[in-house]
Amino acid sequence: MGTEMMVATNSGTARAEVLRRIRVAKGGTSDTETAGTAWSRVAREYRRSAVLEPKSLLELLEDRLRDYDAHVVRVGYCDVADAVAKMLAARGKRRLVVPAGLAAEWLPAGFEFVRDDGMSSTALDAFDGVMTGSTVAIAVTGTVILQNVPGQGRRAVTLVPDYHLCIVNAADVVETIPQAMDRLHETAKLTTTFFSGPSATADIEMTRIKGVHGPRHLDVILIV
Amino acid sequence: MSGVALDPKTSPVFPMAAKAALGDTQMRKNVRHATDVIQSKRARVVGEMPDWQQLREAGRQIRQHTMEHLDFYLEQFEENCTRAGGVVHWARDAEEAKRIVTALVKASGSDEVIKIKSMTTEEIHLNDALAAAGIHAYETDLAELIIQLGEDQPSHIVVPALHKNRQQIREIFQRKMNLPELGETPQDLADAARMFLREKFLRVKTGVSGANFLIAETGGVCIVESEGNGRMCLTLPETLITIVGIDKVLPRFQDLEVVLQLLPRSATGERMNPYNSIWTGVKEGDGPRAFHVVLMDNARTEILADKEGRQTLNCIRCGACQNACPVYRQTGGQAYGSVYAGPIGAILTPQLQEMHYAQSLPFASSLCGACYEVCPVKINIPEVLIHLRNKVVKQNTAGIAGLFDVEAGAMKAMAMIFKSERRFRAAQRLGRIAETPLVRKDGRGVGWIGWLPGMLGGWTQVRDLQEMPEETFRDWWEKRRTNGN
């Protein structure tokens, strides 16, 4: 801690100097009011709202998720547990970690679901996969957004296991990124993860390769 | 060039480095393939967006607005990040940034760090500084791993190893990971990297990252990535140190809605990259227990002070200008002698050197404007290139040195010649005699000059010159009049 404090103190002079240079460079000091007024004048003529019917919206999301190699099914609320059982059986997964607060009625019998209580990365690595809910999904980009709330949990849980089964409520599907950011605004300070398909890279000859470091497989259950 | 850091202070001038690069046909083939693929993907997903131009304009305005109020937004970020449990440090230059990061890593009790791909840490050669302090840095991005294990240098902002093909990568992995049986499909290579790095992700206690965006309104930090190695480095270690240029701040959380539409489509031609992470300070039980942000100037305020150069700071590091640039596509990235290559490198690098080094880079362009057209935040790169060319010339002819500057002297002599018809005609006659030993005829009997002596060589270094015509226009015109035609 001693070294960290010393580093912080030295930074005081640097802070004053960098801020001084900025103010000299742009000729003055900005405050909440001038910055706020100028910010509100930024032209935002891009698309912020939806144009699609609810039915086409879900179709678009499914299409975009599949484009990223995710497997997607659509079910009613009462059939989630059945769908989970089918997907896990098809993937050959038996033992999953789940965050605290995940709806108990989504968990089918015959599989082992272990609640995350802050286990180590090594412990997480030993699971077949993870199952979570979600906060928002964006149709245009095929993106699902997780936050640190009950049912979605901390970031390591959806990162270390090799397989992710994610439940998305149709009510949480929006069309555009601006709509999603509007929804997230109130909880902007929570840790947030956007994912669009499984982990991927195109670093080798621009060939898209799945699963370099994150989960290699992604299944999505869409509750309609 | 392998193994030698890309440092504008020591790199050869662009025309020399480019000439060497042009001889590497394998590298040129790899670069052409990669940039062709990204460009066509980019064009397709940008074409899907009916409001692309409006988004670009909003992006430009947000970035410009941020620069106009940079002091306010940095202080606001610092306040909100600190309130959320982060520790903010300020660094005036690269040396100071490296000292801070090294001290923080040592204080974390680790002599190893896992790193996310970061242009900022490349810019300041952080890995060398860490190594000098006995700290081993593991690059975890697949491309950066290829570069690190191959003792190579990056050649692209987004796809740093695009100059290597799969056989070359396989050879590096076989040697450095001790996997003689390794296959050569991209999947084999990615699997090898996953095995190699997973152990490090689970073991190493300190992470070092850059950042794509800082959010002043919330104190949050945003990283945009593909592989999940970023999430690993941000989430699993006990201490996270994020180093970021002061230009990376965004005013409000809502502004992400613009840059998150512009960046992935421009950078990799995807509607959205696989992962984005946003975190604010420290969160009990989720991610690192200690979080540090180092806000680094390193000549960015110099750029801010230059009215015409300032738009350079709007860059969101998507690399679209590189892929579109006819010069970059021929030479690859390493000829630029800097981690920032292509058109953005040609304007950013010399300015980050306060115009003392990399002065040849503003001239490394055909000014065709392709970079401006694809830039998601509408940086007028050709305009800045011309501005910087002007600056380079002025700088080299300023003061006492200017009086003895050969080029400036020659320009003055030229002005004298052009002012007088008699002197101009004499110069033309003299030129025809002087060029004789330098002219080589091509297959069609046209004479070309491929080399000029001394300072004039600057012209012929990058282009051939046609020999002077037998008859000048003036001579022809006068003859025509006397003939009464």
Side-chain angles (χ1 to χ4, degrees), chain A residues 3-4 7-8 11 14-15 17-19 21-26 29-31 34-35 38-39 42-47 64 118 121-122 125 140-143 148 154-156 159 177-178 181 185 188-189 191-207 209 212-214, chain B residues 34 37 51 54-55 57-58 61-62 65 68-72 89-92 96 100 103-104 107 142-143 159 161 165-166 169 186-187 189-190 194 202 218 226-229 231-232 235-236 251 253-254 256-257 260-261 271-272 274-280 283 285-287 297 301 304-305:
Chain A
T3 322
E4 289 186 30
V7 171
S11 187
R15 178 185 191 278
E17 174 61 11
V18 173
L19 287 169
R21 289 177 187 171
I22 293 170
R23 286 169 184 145
V24 169
K26 65 188 196 58
T29 304
S30 298
D31 56 36
T34 54
W39 184 84
V42 169
R44 292 174 196 271
E45 286 162 9
Y46 53 86
R47 198 155 78 85
R64 296 285 149 95
S121 309
T122 317
D125 198 30
V140 160
T141 56
T143 306
N148 189 330
R154 64 197 177 107
R155 291 171 290 173
L159 172 63
I177 295 177
M181 298 314 284
H185 194 262
K189 289 185 182 177
T191 54
T192 302
T193 303
F194 289 49
F195 64 88
S196 307
S199 157
T201 182
D203 276 341
I204 302 170
E205 296 187 5
M206 304 315 295
T207 311
I209 315 162
V212 193
H213 301 302
Chain B
V37 173
D51 56 345
Q54 288 83 350
L55 278 168
E57 179 56 26
Q61 289 192 23
I62 289 167
H65 163 78
E68 283 163 7
H69 302 277
L70 190 57
D71 54 333
F72 171 73
H89 310 261
W90 298 68
R92 281 162 284 200
E96 191 161 37
I100 294 170
L104 289 172
L142 180 55
V159 206
N165 66 17
R166 67 182 76 181
I169 295 164
Q187 191 66 56
L189 300 171
R194 184 181 175 102
L202 300 182
T218 59
S226 285
E227 294 171 14
N229 66 304
R231 291 176 65 191
M232 293 274 188
T235 312
L236 304 186
F253 186 74
Q254 192 201 321
L256 282 173
E257 74 188 18
L260 289 181
Q261 295 193 71
R271 297 181 185 109
M272 185 59 89
Y275 296 129
N276 297 329
S277 298
I278 305 169
W279 74 99
T280 311
K283 167 95 183 157
D286 187 347
D297 177 355
T301 46
L304 189 72

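Chain identifiers are assigned alphabetically (A, B, ...) following the order of the sequence lines, protein sequences preceding nucleic acid strands; residue numbering begins at 1 within each chain.
With chain B as the partner, the residue from A/Asp31, A/Thr201, A/Asp203 showing the most heavy-atom pairs under 4.5 Å is A/Asp203. Ranked by heavy-atom pairs shorter than 4.5 Å toward chain B, the options A/Thr207, A/Thr193, A/Val24 are led by A/Thr193. Annotation: maximal heavy-atom pairing with chain B below 4.5 Å, among A/Ser121, A/Pro178, A/Ala43, occurs at A/Pro178. Residue with the most contacts toward chain A among B/Pro251, B/Ser226, B/Ala58: B/Ser226 (heavy-atom pairs, distance under 4.5 Å). Taking chain B as the reference chain and counting heavy-atom pairs below 4.5 Å, the highest number among A/Thr143, A/Val140, A/Asp125 is found for A/Asp125. Of the listed residues B/Leu189, B/Ile169, B/Thr218, the one with more heavy-atom pairs under 4.5 angstrom with chain A than any other is B/Thr218. For the options B/Pro186, B/Gly287, B/Ser277, B/Gly285, heavy-atom pairs under 4.5 Å to chain A are most numerous at B/Pro186. With respect to chain A, the highest number of heavy-atom pairs below 4.5 Å among B/Glu57, B/Met232, B/Glu227 belongs to B/Glu227. Looking only at heavy-atom pairs under 4.5 Å with chain A, the residue among B/Ala34, B/Pro274, B/Ala190, B/Ala161 that has the most is B/Pro274.
Under the rule for a side-chain hydrogen bond (donor to acceptor under 3.5 Å, both in side chains), the partners of B/Asp297 that lie at least two apart in sequence or sit in another chain are A/Arg21, B/Thr301. Checked against side chain to side chain contact (heavy atoms under 4.5 Å, CB included), A/Ala156 has the following partners two or more places apart in sequence or in another chain: A/Leu124, A/Arg154, B/Thr235, B/Leu236.
To the nearest 0.5 angstrom, A/Arg155 atom CZ is 7.5 Å from B/Trp279 atom CH2. Separating the NE2 atom in B/His65 from the CH2 atom in A/Trp39 is a distance of 8.5 Å, to the nearest 0.5 Å.
Using a 4.5 Å cut-off between heavy atoms, B/Val37 touches chain A through its side chain atoms alone. Interface residue B/Gln261: backbone and side-chain heavy atoms are both found under 4.5 Å from chain A. Of the atoms belonging to B/Leu55, heavy atoms from both backbone and side chain fall under 4.5 Å from chain A. Residue contact with chain B, scored on non-hydrogen atoms closer than 4.5 Å, involves the backbone and the side chain of A/Arg47 alike.
Under a 3.5 Å cut-off, the side chain of B/Asp286 and the backbone N or O of A/Asn148 do not form any donor-acceptor pair. Of the possible donor and acceptor atoms, none in the side chain of A/Lys189 sits under 3.5 Å from a partner among the backbone N and O of B/Thr280. In this structure, B/Tyr275 contributes its side chain and A/Ser199 its backbone to a donor-acceptor pair below 3.5 Å. With hydrogens and angles ignored, the 3.5 Å screen pairs no side-chain donor or acceptor of A/Glu45 with any backbone N or O of B/Gln54.
Between B/Arg166 and A/Glu205, at least one side-chain N (NZ, or NE/NH1/NH2) sits under 4.0 Å from a carboxylate O, which counts as a salt bridge.
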